[in-house]
Amino acid sequence: QVLLVESGGGLVQAGDSLRLSCAASGRTVSQYTMGWFRQAPGKEREFVAAISWSGRSTDYADSVKGRFTISRDAAKNTVYLQMNSLKPEDTAVYYCAADHLPVYYSDYNLLREYDSWGQGTQVTVSS
């Protein structure tokens, strides 16, 4: 059974930083691509960032490129999302997700690539 638990969300002001964490169990982050997605009220869930199973590749949505950084700690089986220079439009529930295939890095920006999801953590950025 795969369990992903996000933490680190909160209410911040524009320009502030937050670091989200995703603690995984039942799936090893060094064997599976991990992704972060977000969903704002009234909008569809969208891709934010992904890190390959090897840790050597990362990719980002254009809207967060240069501001957000995805990383992982294999020893802790945890994935992080460092968010800097936050904007009000970053307000959303952020979800961690694990790829359904091991040792695979493709279509990382598509929801259908992931079969395990966390419960989400709220990030609210005030102007």
Side-chain angles (χ1 to χ4, degrees):
Q1 181 181 359
V2 181
L3 182 63
L4 304 175
V5 179
E6 302 99 334
S7 61
L11 172 63
V12 297
Q13 293 186 332
D16 286 350
S17 299
L18 278 176
R19 189 178 80 156
L20 306 183
S21 299
C22 171
S25 59
R27 193 161 291 178
T28 305
V29 300
S30 59
Q31 295 179 346
Y32 289 83
T33 290
M34 300 293 293
W36 284 98
F37 289 74
R38 67 187 182 186
Q39 188 167 16
K43 295 188 177 181
E44 295 185 348
R45 193 170 298 190
E46 64 175 6
F47 169 74
V48 175
I51 185 166
S52 67
W53 59 274
S54 66
R56 289 193 290 266
S57 297
T58 57
D59 286 277
Y60 300 91
D62 288 342
S63 59
V64 306
K65 204 169 290 184
R67 299 188 298 122
F68 290 12
T69 303
I70 188 171
S71 63
R72 69 174 195 193
D73 184 332
K76 295 182 179 180
N77 212 35
T78 299
V79 178
Y80 303 99
L81 185 68
Q82 177 67 43
M83 306 186 295
N84 298 330
S85 302
L86 283 161
K87 304 175 181 180
E89 50 263 45
D90 294 319
T91 295
V93 177
Y94 283 71
Y95 297 91
C96 174
D99 199 307
H100 72 295
L101 290 175
V103 195
Y104 185 75
Y105 192 62
S106 182
D107 296 330
Y108 46 79
N109 60 324
L110 301 179
L111 274 72
R112 67 167 186 258
E113 189 63 23
Y114 301 86
D115 66 346
S116 299
W117 295 82
Q119 82 288 349
T121 185
Q122 176 71 46
V123 172
T124 303
V125 185
S126 63
S127 58

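Keep in mind that the numbers below use all heavy atoms, side chains included, and drop hydrogens, waters and symmetry copies.
A pairwise comparison of heavy atoms in Gly9 and Leu20 identifies N-CD2, 3.6 Å as the closest pair. Considering every non-hydrogen atom in both Val29 and Ala24, the closest pair reads CG1-CB, 4.1 Å. Nearest heavy atoms, Ala40 versus Thr91: CB-O, 3.7 Å. When every heavy atom of Thr78 is checked against every heavy atom of Ser21, the shortest pair comes out as CG2-CB, 4.3 Å. Closest approach of Val12 to Ser17, counting heavy atoms only: CG1-O, 4.4 Å. Residues Ser106 and Glu113 approach most closely at O-CD, 3.5 Å, considering heavy atoms.
Rounded to the nearest 0.5 angstrom, Gln122 CD and Leu11 CG are separated by 9.5 Å. The OH atom of Tyr32 lies 12.5 Å from the CH2 atom of Trp53; values are rounded to the nearest 0.5 Å. To the nearest 0.5 Å, atom CG of residue Leu86 and atom OG1 of residue Thr124 are 10.5 Å apart. In this structure, OH in Tyr60 is found 4.5 Å from OG1 in Thr69, a value given to the nearest 0.5 Å. Atom-to-atom distance recorded for Glu89:CD and Ser127:OG is 10.0 Å, nearest 0.5 angstrom. Annotation: the span from Asp99 atom CG to Thr33 atom OG1 amounts to 5.0 Å, rounded to 0.5 Å.
With Asn77 contributing its side chain and Arg27 its backbone, the two residues share a donor-acceptor pair below 3.5 Å. A distance-only check finds a donor-acceptor pair linking the side chain of Asp73 to the backbone of Lys76 [under 3.5 Å]. Put simply, the side chain of Glu6 never gets that close to the backbone of Thr121: no donor and acceptor are under 3.5 Å apart.
Between Phe68 and Trp36 there is no side-chain heavy-atom pair separated by less than 4.5 Å. Residues Tyr105 and Ile51 are not in side-chain contact: their nearest non-hydrogen atoms beyond the backbone lie 4.5 Å or more apart. Contact of the Asp90 side chain with the Met83 side chain is not registered, since no non-hydrogen atoms from C-beta on lie closer than 4.5 Å. Under the 4.5 Å side-chain criterion, counting only non-hydrogen atoms from C-beta, Arg72 is in contact with Ser30. The side-chain heavy atoms of Trp117 and Val2, taken from C-beta on, include no pair separated by under 4.5 Å.
Residues Ser52 and Ser54 have side chains that bring a donor and an acceptor to within less than 3.5 angstrom of each other.
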Item to check | Worked check of side chain to side chain contact (heavy atoms under 4.5 Å, CB included) between Val125 and Asp16 | outcome: CA-CA 8 Å; Val125 185; Asp16 286 350; over 6 Å; no

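Both Val79 and Leu18 sit in one connected hydrophobic cluster of ILVMFWY residues. Membership requires side-chain heavy atoms under 4.5 Å apart, directly or through other members. In terms of hydrophobic clustering, with Ile, Leu, Val, Met, Phe, Trp and Tyr side chains grouped at heavy-atom distances under 4.5 Å, Val64 and Leu81 are assigned to a common cluster. Tyr80 and Ile70 sit in two unconnected hydrophobic clusters of ILVMFWY residues. Membership requires side-chain heavy atoms under 4.5 Å apart, directly or through other members.
Listed by chain and number, the hydrophobic cluster partners of Leu3 are Val5, where partners are ILVMFWY side chains within reach of under 4.5 Å, directly or through others.
By the side chain to side chain donor-acceptor pair (under 3.5 Å) test, Tyr94 is found to be paired with Arg38, residues two or more places apart in sequence or in another chain being considered. In this structure, the side chain to side chain donor-acceptor pair (under 3.5 Å) partners of Lys65, at least two apart in sequence or on a different chain, are Asp62.
Among the candidates Tyr114, Tyr108, Tyr95, the single residue satisfying the ring-ring contact (aromatic ring centres under 6.0 Å, His included) test with Phe37 is Tyr114.
Using a 30° and 60° split on the angle between ring planes, His100 and Tyr104 fall in the perpendicular class, above 60°.
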